[in-house]
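Okay, so here's the structure we're looking at.
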Amino acid sequence: MVAAAVCVVLLLVAAVALRHFVAQPFRVPSASMEPVLAPGDVILADRSERGTAHRGAIVVFDGSGYFAPSAADGDRYWVKRVIGVGGDHVQCCTSAGELTVNGDPLEEPYLPVGTVPSEIDFDLVVPDGRMFVLGDNRGDSTDSRHLLGAPGGGMIPVERVVGEVDRRVWPLPRAGAL
């Protein structure tokens, strides 16, 4: 009896430690990252990437005060793709309709067929310690483009990154590395 109780406690401690230090699950709430991530998908955020951002990575971040008015409104955590990091010059769009980062056209094979990179024009330099993020489903995504005039200019502090998304765990037929 005591051994079973100790086992249960150890398993609970291990689960909490895994969630806090290794990977944290999140449910995708909207269609903003389709077709890569669909509403209802359960993803794992790699906690070892907490507080970092890499161009092209899909990240989960705390958007309270930036994307959401407060953490209490249920929209605290957001899933988006990092387009630019501190010092990057991000612009939309070229005469060919492409986004550029530091003057180079951005290849975006993850965009749904027929999607334009942005219907909002912008030309900005990402401040140090911040990131410029977009949803893959640009027609159905609230992201940095929509908040350019808001506090922080739509750019999220990198320290708000909870983790980099590296796999989907649910539904099982779509489970696997991204």
Side-chain angles (χ1 to χ4, degrees), residues 24-41 43 45-47 49-112 114-166 178:
Q24 183 172 351
F26 290 91
R27 183 173 302 278
V28 176
S30 71
S32 72
M33 289 300 295
E34 284 186 327
V36 175
L37 298 172
D41 283 356
I43 55 177
D46 178 354
R47 300 281 291 177
E49 296 292 328
R50 180 177 47 233
T52 64
H54 310 284
R55 239 183 274 124
I58 297 173
V59 295
V60 174
F61 62 92
D62 178 349
S64 56
Y66 291 88
F67 275 36
S70 72
D73 68 4
D75 290 331
R76 178 176 180 182
Y77 294 108
W78 294 68
V79 180
K80 301 292 178 195
R81 187 175 301 273
V82 178
I83 301 299
V85 295
D88 284 344
H89 178 211
V90 183
Q91 186 175 14
C92 183
C93 286
T94 66
S95 59
E98 298 170 307
L99 286 178
T100 62
V101 177
N102 301 323
D104 297 323
L106 186 61
E107 291 185 33
E108 298 188 282
Y110 42 79
L111 292 181
T115 300
V116 297
S118 179
E119 292 185 358
I120 299 170
D121 291 333
F122 52 86
D123 186 354
L124 56 94
V125 174
V126 181
D128 286 338
R130 303 260 175 162
M131 61 184 179
F132 184 83
V133 296
L134 297 176
D136 290 354
N137 186 1
R138 305 284 160 80
D140 191 13
S141 176
T142 299
D143 47 42
S144 290
R145 299 169 300 165
H146 297 94
L147 300 166
L148 292 172
M155 288 169 261
I156 307 301
V158 171
E159 66 194 26
R160 294 289 190 99
V161 172
V162 174
E164 188 173 313
V165 177
D166 58 0
L178 298 180

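Here the structure is a predicted model, which is why all the values come from computation and not from measurement.
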Between [X] and [Y], which heavy-atom pair has the shortest distance, and what is it?
X	Y	result
Arg145	Ser141	NH2-O, 3.6 Å
Met33	Lys80	SD-CA, 3.8 Å
Pro117	Cys93	CB-SG, 4.4 Å
Asp143	Val133	CB-O, 3.4 Å

When you measure from the side chain of [X] to the backbone N and O of [Y], does any donor-acceptor pair fall under 3.5 Å?
X	Y	value
Arg55	Gly84	no
Asp88	Val126	no
Arg138	Ser118	no
Asp41	Val28	no
Asn102	His89	yes
Arg160	Ser64	yes

With a 4.5 Å cut-off on side-chain heavy atoms, are [Y] and [X] touching?
X	Y	answer
Thr142	Trp78	yes
Ile43	Val60	yes
Asp62	Tyr77	yes
Tyr110	Ile58	no

side-chain contact (heavy atoms from CB on, under 4.5 Å) evaluation trace for Met155 with Leu147: CA-CA 8 Å; Met155 288 169 261; Leu147 300 166; over 6 Å; no
Please step through side-chain contact (heavy atoms from CB on, under 4.5 Å) for the pair Val161 and Val82, ending with a clear verdict. CA-CA 11 Å; Val161 172; Val82 178; over 6 Å; no
Do Leu37 and Arg81 pass the side-chain contact (heavy atoms from CB on, under 4.5 Å) test, and can you show the C-alpha distance, the side-chain angles, and the key distance before you say yes or no? CA-CA 11 Å; Leu37 298 172; Arg81 187 175 301 273; over 6 Å; no
Calculate, to the nearest 0.5 Å, the distance between atoms [atom1] and [atom2] belonging to [X] and [Y] respectively.
X	Y	atom1	atom2	answer
Gln24	Asp46	CD	CG	11.5 Å
Leu106	Thr100	CG	OG1	8.5 Å
Arg130	Glu159	CZ	CD	8.0 Å

Could you tell me how the ring of Phe132 sits relative to the ring of Phe122: parallel (under 30°), tilted (30 to 60°) or perpendicular (over 60°)?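 Because their plane-to-plane angle lies in the 30° to 60° range, the rings of Phe132 and Phe122 count as tilted.
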Would you sort out whether Leu134 and Leu99 count as a side-chain contact (heavy atoms from CB on, under 4.5 Å), showing the intermediate values? CA-CA 11 Å; Leu134 297 176; Leu99 286 178; 3.7 Å; yes
